[in-house]
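Written below as structure tokens is the structure these notes are about.
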There are 2 protein chains.
Amino acid sequence: MGFQVTVDLVVLTIRSARQTARGSLHVLLVRRGIPPYQGRWALPGGFVLDHEDLPEAAERELAEETGVDGAARHLEQLATYGAPRRDPRGRVVTVAYLALLPDLPSPVAGTDAAAAAWHDVAALPRLAFDHARILADGVERARAKLEYTPLATAFCPPEFTVAGVREVYEAVWGRPLDPRNFHRKVTSTPGFVEPVGQRTGGSRGRPAELYRRGDAVTLYPPLLRPASS
Amino acid sequence: MGFQVTVDLVVLTIRSARQTARGSLHVLLVRRGIPPYQGRWALPGGFVLDHEDLPEAAERELAEETGVDGAARHLEQLATYGAPRRDPRGRVVTVAYLALLPDLPSPVAGTDAAAAAWHDVAALPRLAFDHARILADGVERARAKLEYTPLATAFCPPEFTVAGVREVYEAVWGRPLDPRNFHRKVTSTPGFVEPVGQRTGGSRGRPAELYRRGDAVTLYPPLLRPASS
DNA sequence: ACAAAAGTGTTAATATTACACCCATGA
DNA sequence: TCATGGGTGTAATATTAACACTTTTGT
């Protein structure tokens with residue numbers, strides 16, 4: 001009966017790793033200022049308010065933590081966690097959401113974001129509560145959905161190159177893909193991307209064609225990760 | 001703060017439709033004996049107890065409603081629904097689970113199952129609360145997971161034929177599949193099924209080889225439904 | 001023998017993979 | 001001109017799709 005309900009966010013983005021030129025998958029974490037788990041890193045989140053639906057609460061938390069406007073990101077429910085002792089303060093059930101964002105030009109600038117930071121998912125600190133598990137589930141969901149949905153574009157800005165999409169796949173799957181075949185696959189799968197009719201400039205090499213997200217919800221045929229090998 | 005938390009079950013099975021020989025997808029519904037929505041059909045479910053984890057509560061409800069033992073079925077979390085006015089009695093958040101069962105030889109024989117019945121998902125009555133939405137999400141989840149997991153075998157008894165698996169796919173996807181190609185696909189995908197070394201008998205036509213579930217968690221390559229057409 | 005269901009063979013179309021090679025730019 | 005990515009061509013392989021045909025049973 002007397003449950004508390006929270007939403008927790010697994011906010012993922014692709015950021016250039018410290019030394020390498022390649023991007024890698026990062027997650028937004030906040031440092032807890034109060035017990036329990038004081039000082040530990042945790043997923044951002046908070047209580048669901050009395051009048052709020054679950055997606056509303058997730059949107060609100062996401063806006064509070066990142067300041068991104070509603071259109072420029074993907075947000076979906078991930079799973080719900082409610083083990084009796086997952087929070088020492090009482091019976092708290094948390095509904096986790098997965099958010100995918102482009103690499104923000106301005107760093108995280110939310111209200112209580114003083115202690116918020118991006119962490120490479122390959123080098124995580126210890127997390128509070130059962131957040132390590134939730135995060136692992138979120139990463140696995142992202143990996144799986146790249147196969148059969150055009151979700152990779154949610155990590156990209158409104159206009160992007162095929163190489164940008166490839167960088168997303170390589171960062172999330174953690175393995176290199178053939179640029180030539182990837183290009184063909186992305187441009188030939190119906191509804192994945194739409195050409196803008198412009199090209200990039202300024203960088204080295206041949207300028208790349210710019211694309212926008214297409215209207216497909218699923219990729220057919222899918223873009224399968226190579227067998228585990 | 002003061003939330004109530006329930007679990008609701010989308011219990012699916014394949015049953016022979018009234019007149020046709022082919023099986024079709026059915027869902028377990030219970031008729032509500034008390035307000036709200038008295039007399040309406042609803043998904044089985046109930047409150048999560050103080051000491052219970054979410055999967056435990058789902059297992060308990062499933063056992064209460066169907067009496068199936070733990071091993072012979074698939075049970076996974078589906079999604080969580082918590083709109084402020086989804087239950088007129090107060091703020092109730094429900095964690096929905098999806099269960100897949102073989103067609104039970106003995107009909108539903110649970111404790112409070114006097115008013116429980118299987119319904120063809122193609123001919124549903126009006127449902128209580130937001131259960132129509134939850135059920136639709138469950139059916140869609142099942143449809144999608146048949147593509148890239150060996151979950152179809154969860155609808156089959158411990159030993160089954162390839163034709164039995166095909167009947168599952170045809171019922172869930174609602175379209176016929178080529179028996180010859182399907183047979184090859186199922187028997188050649190690693191870990192999907194294991195031959196038992198016995199054959200069926202008694203029916204018409206050539207006896208079919210019997211199989212058990214394999215140990216694969218995902219199908220590679222997947223078994224994609226034909227493009228929407 | 002015949003109908004019915006199981007299962008194999010074969011071929012064409014489609015998709016994936018590997019990699020040679022050309023294109024367009026900055027330095 | 002060279003280095004650097006962007007992008008196309010092409011051939012080998014793998015997978016899917018369509019369907020003829022054989023196998024093994026009950027009647």
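The chains referred to below are lettered A, B, ... by the order of the sequence lines, with proteins before strands, and numbering in each begins at 1.
Closest to the Ala208(A) side chain, of the nucleotides dA6(C), dA4(C), dG6(D), is dG6(D). Distance from the side chain of Arg204(B) is smallest to dG26(D) among dG26(D), dA6(C), dT17(C). Of all nucleotides listed (dT16(D), dT8(D), dA18(D)), dT8(D) comes nearest to the side chain of Arg180(A).
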Practice item. Applying side-chain contact (heavy atoms from CB on, under 4.5 Å), run through Glu65(B) and Leu28(B) and close with a yes or a no. Key: CA-CA 9 Å; Glu65(B) 300 291 345; Leu28(B) 183 64; 4.2 Å; yes

Subject >> CA sep, side-chain torsions, deciding dist, call: Phe182(B), Glu170(B), side-chain contact (heavy atoms from CB on, under 4.5 Å) >> reply: CA-CA 11 Å; Phe182(B) 185 85; Glu170(B) 292 180 335; over 6 Å; no

task = Begin from the C-alpha positions of Thr189(A) and Leu223(A) and carry the test side-chain contact (heavy atoms from CB on, under 4.5 Å) through to its verdict.
result = CA-CA 9 Å; Thr189(A) 301; Leu223(A) 185 55; over 6 Å; no

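In this structure, the side chain of Asp178(A) engages the main chain of Asn181(A) through a donor-acceptor pair within 3.5 Å. Judged purely by atom type and a 3.5 angstrom limit, Thr13(B) uses its side chain to pair as donor or acceptor with the backbone of Pro102(B).
Arg199(A) comes within 4.0 angstrom of nothing in the nucleic acid, heavy atoms only. The residue Thr161(A) sits apart from the nucleic acid: no heavy atom pair falls under 4.0 Å. Among the atoms of the strands shown, only primed sugar atoms or phosphate atoms (P, OP1, OP2) are found under 4.0 Å from some heavy atom of Ser203(A).
For the pair Leu224(B) CG and dA17(D) C1', the interatomic distance rounds to 13 Å; values are reported in whole Å. Nucleotide dC19(D) holds its C1' atom 18 Å from the CZ atom of Phe182(B), rounded to whole Å. Computed from coordinates, the Leu223(A) CG to dA15(C) C1' distance equals 12 Å when rounded to whole Å. Atom-to-atom, OH of Tyr220(B) to P of dA15(C) comes out at 15 Å; the value is rounded to the nearest Å. Rounded to an integer number of Å, the gap from Arg225(A) CZ to dT17(C) P is 14 Å. Note: OH (Tyr148(A)) to C1' (dA15(C)) measures 21 Å, nearest angstrom. Rounded to a whole Å, the CZ atom of Arg175(B) is 11 Å from the P atom of dA17(D). Atom pair Leu219(B):CG and dT15(D):P shows a separation of 13 Å (rounding to whole Å applied).
Of the two residues contacting DNA chain C, namely Arg206(A) and Asp178(A), the nearest-nucleotide position lying further toward the 5' end is that of Asp178(A). Checking Pro221(B) against Leu210(A), the closest nucleotide of DNA chain D that is more toward the 5' end is the one next to Leu210(A). Toward the 5′ end of DNA chain D lies the nearest nucleotide of Asn181(A), the other residue of the pair Asn181(A) and Gly201(B) mapping further downstream.
Taking the six-membered ring wherever Trp is involved, the centroid distance between the rings of Tyr148(A) and Tyr148(B) falls below 6.0 Å.
Regarding contacts with the backbone of dT16(D), a side-chain N or O of Lys185(B) is found under 4.0 angstrom from either OP1 or OP2. For His183(A) and dG7(D), the shortest distance from a side-chain N or O to OP1 or OP2 is below 4.0 Å. Residue Arg166(A) places at least one side-chain N or O closer than 4.0 Å to OP1 or OP2 of dG6(D). Listed pair Arg184(A) / dA15(C) fails the phosphate criterion, with no side-chain N or O lying under 4.0 Å from OP1 or OP2.
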